[in-house]
Amino acid sequence: VQLQASGGGLVQSGGSLRLSCAASGRFVSINVMGWYRQAPGKQRELVADITSGGITNYAESVKGRFTISRDNAQNWVYLQMNSLKPEDTAVYYCNCNAKVSYKSVDYTNYWGQGTLVTVSS
């Protein structure tokens, strides 16, 4: 399973960006897709995730500003980021849990490459 993220960049405080991530490769199904971020000197943290049924989960710090959505048919996940703050500056990583075999009930976790989001004050 490969995850290709895009949409990062430089934006001023208060601005918006939309991140996109496409899952490709051989898999049976994907249950959870999400976004994590890692700021310099800090641990990677969950930003938001979404199940195949559309149930969402957000970090407290982004609630009301970020919206995660998903296209199950095309295996895309998006993160609309509004009212961005300098503290949102980080490398954002796409993540998913995918089932790669009909013979197994197990899901495997996959990471995409990061995309840098920089918010200037």
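Quick note: numbers below take in every heavy atom, side chains included, and nothing from hydrogens, waters or symmetry partners.
Considering CG of N31 and CG of N72, their distance stands at 10.5 Å, rounded to 0.5 Å. The distance from atom OG1 of T108 to atom CD1 of I30, rounded to the nearest 0.5 Å, is 11.5 Å. Note that the CG atom of D88 and the OG atom of S61 stand 7.0 Å from one another [nearest 0.5 Å].
Side-chain contact, R44 with Y36: no donor N or O sits under 3.5 Å from an acceptor N or O. Looking only at atom types and distance, the side chain of T67 has no donor-acceptor partner in the side chain of Y58 under 3.5 Å away.
Summarising the geometry of T115 relative to A5, their closest heavy-atom pair is CG2-CB, 4.4 Å, with the distance given to 0.1 Å. Minimum heavy-atom separation, C96 to M33: CB-CG, 4.1 Å. A pairwise comparison of heavy atoms in K42 and Q38 identifies O-NE2, 3.1 Å as the closest pair.
Without hydrogens or angle criteria, R65 side chain to S83 main chain gives a donor-acceptor distance under 3.5 Å. The main-chain N or O of I50 is found under 3.5 Å from a side-chain atom of R70 such that the two form a donor-acceptor pair.
By the 4.5 Å heavy-atom criterion applied to side chains, T89 and V117 are not counted as neighbours. Looking only at side-chain heavy atoms (C-beta outward), N95 and Y110 stay at 4.5 Å or farther from each other. Counting only heavy atoms from C-beta outward, the side chains of W35 and V77 approach each other to under 4.5 Å. Residues Y92 and M81 are in side-chain contact: their nearest non-hydrogen atoms beyond the backbone lie under 4.5 Å apart. C94 is not listed as a side-chain neighbour of W111, based on a closest heavy-atom distance of 4.5 Å or more. Contact of the V28 side chain with the K103 side chain is not registered, since no non-hydrogen atoms from C-beta on lie closer than 4.5 Å. Put simply, the side chain of Y78 does not reach to within 4.5 Å of the side chain of I68, judged on heavy atoms.
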Side-chain atoms of residues 7-27: list all donor-acceptor pairs with protein atoms under 3.5 Å, sequence neighbours left out, distances to 0.1 Å.
unit_1	atom_1	unit_2	atom_2	d
S16	OG	N82	OD1	2.9

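Two different hydrophobic clusters hold Y93 and L3 under the rule that ILVMFWY side chains link at heavy-atom gaps under 4.5 Å.
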| message | What verdict does the side-chain contact (heavy atoms from CB on, under 4.5 Å) test give for K99 and V1, after you've listed the backbone C-alpha separation in whole Å, the side-chain angles of each residue and the deciding distance to 0.1 Å? | response | CA-CA 10 Å; K99 182 180 177 182; V1 178; over 6 Å; no

